[in-house]
Structures are given as structure tokens and as C-alpha cells.
Amino acid sequence: MKFSFAHLFVMVFVAVQFSKVVEGQGSQKNCQKPKGTEGESWTEGCIRQTCKDGVWMATLEKTVCCYEREVVTPNKNIITTTSQDGCTTTTLDCTLDDGQ
């Protein structure tokens with residue numbers, strides 16, 4: 001049976017693709033510095049770090065408010081200001097919608 005270059009190329013390509021699929025099964029990339037496993041997360045201040053595909057991904061923490069880089073607990077007044085003439089008062093409160 002004769003194989004042409006095209007047949008050989010196709011067989012090699014399929015073998016490489018198959019090995020990538022098999023290699024990806026059951027293997028999870030762990031995060032480094034600090035070490036962590038896929039899906040693990042931790043929070044520091046307003047930032048939540050989650051290990052995803054071997055990389056720590058930073059997102060805002062959804063269970064607290066952040067104002068001027070400081071954590072504010074929910075249901076608290078952050079700041080209230082009143083205009084010089086006393087006619088207008090503005091209040092900024094920390095509230096969560098549906099736990100976020």
C-alpha cells in the first residue's frame with residue numbers, strides 16, 4: 001500500500017490533534033505565586049483573585065462596595081455632602097442588589 005505525502009500529512013495532523021485532546025482531559029493548570037488550583041479564589045480588599053487556566057484573574061469583589069480604594073460594608077453611608085447654601089444634600093450609600 002502506497003502513502004502519498006498528503007496522506008502522511010493528514011495522519012500526522014490527526015495524531016497531533018488527538019494528542020492535544022487527550023492531554024487536555026483531566027489536566028488542570030494550577031496557578032503560581034501564590035499557588036492555587038483551578039477555580040480557587042481569595043479576596044484582598046476590593047479585589048477577588050480567581051485561578052483560571054493557570055492564571056490569577058482579578059475582578060471586583062461583588063459583596064462589598066469600594067470607595068477611594070477602601071472597602072465599605074453594605075448598608076452603610078459612604079459620604080454625605082451639602083451644598084454651601086444648604087439647599088442640596090447628596091448622599092452616597094453602599095447597597096447591594098440581589099446579594100451583589
Side-chain angles (χ1 to χ4, degrees):
M1 185 167 159
K2 285 177 86 176
F3 286 102
S4 68
F5 181 77
H7 286 111
L8 181 60
F9 176 79
V10 169
M11 289 187 333
V12 169
F13 179 78
V14 169
V16 168
Q17 295 305 314
F18 180 75
S19 69
K20 287 181 182 179
V21 169
V22 170
E23 182 181 291
Q25 292 177 348
S27 66
Q28 294 180 340
K29 295 180 181 177
N30 290 329
C31 292
Q32 303 296 320
K33 297 181 185 177
K35 292 186 180 220
T37 58
E38 181 74 17
E40 184 178 349
S41 64
W42 53 275
T43 301
E44 184 175 350
C46 299
I47 306 298
R48 179 187 259 329
Q49 299 280 350
T50 303
C51 180
K52 184 170 181 170
D53 295 326
V55 177
W56 288 107
M57 304 295 291
T59 57
L60 288 175
E61 175 58 54
K62 295 181 180 180
T63 61
V64 297
C65 298
C66 297
Y67 181 75
E68 295 184 351
R69 299 180 187 252
E70 295 292 325
V71 175
V72 180
T73 55
N75 304 316
K76 298 278 182 165
N77 174 271
I78 295 172
I79 190 169
T80 300
T81 58
T82 303
S83 63
Q84 288 181 349
D85 63 6
C87 293
T88 304
T89 300
T90 303
T91 302
L92 181 60
D93 293 324
C94 172
T95 58
L96 301 179
D97 293 328
D98 295 326
Q100 299 187 38

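Residues: numbered from 1 along the sequence shown.
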Measure the spacing between [atom1] of [X] and [atom2] of [Y] and express it to the nearest 0.5 Å.
{"X": "L92", "Y": "T90", "atom1": "CG", "atom2": "OG1", "value": "9.5 Å"}
{"X": "C31", "Y": "K52", "atom1": "SG", "atom2": "NZ", "value": "11.5 Å"}
{"X": "I79", "Y": "Y67", "atom1": "CD1", "atom2": "OH", "value": "4.0 Å"}

Which atom names give the shortest non-hydrogen contact between [X] and [Y], and what distance separates them?
{"X": "P74", "Y": "C94", "answer": "CA-SG, 3.4 Å"}
{"X": "K29", "Y": "C51", "answer": "O-SG, 4.3 Å"}
{"X": "L96", "Y": "T63", "answer": "CD1-O, 3.7 Å"}
{"X": "W56", "Y": "G36", "answer": "CZ2-CA, 3.8 Å"}
{"X": "I78", "Y": "C65", "answer": "CD1-CB, 4.5 Å"}

Heavy-atom distance under 4.5 Å between the side chains of I47 and L60, does that happen here?
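Contact flag for I47/L60 side chains = yes.
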Looking at D98, I'd like to know if its CG atom is crowded, meaning that more than 12 non-hydrogen atoms belonging to other residues, nucleotides or ligands lie closer than 6.0 Å.
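For D98, atom CG is not crowded (no more than 12 foreign heavy atoms under 6.0 Å).
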Short side-chain to backbone donor-acceptor contact, S83 and T88, under 3.5 Å:
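Present.
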Is a side-chain donor or acceptor of E38 paired with a backbone partner of D53 at a separation under 3.5 angstrom?
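Answer holds: yes.
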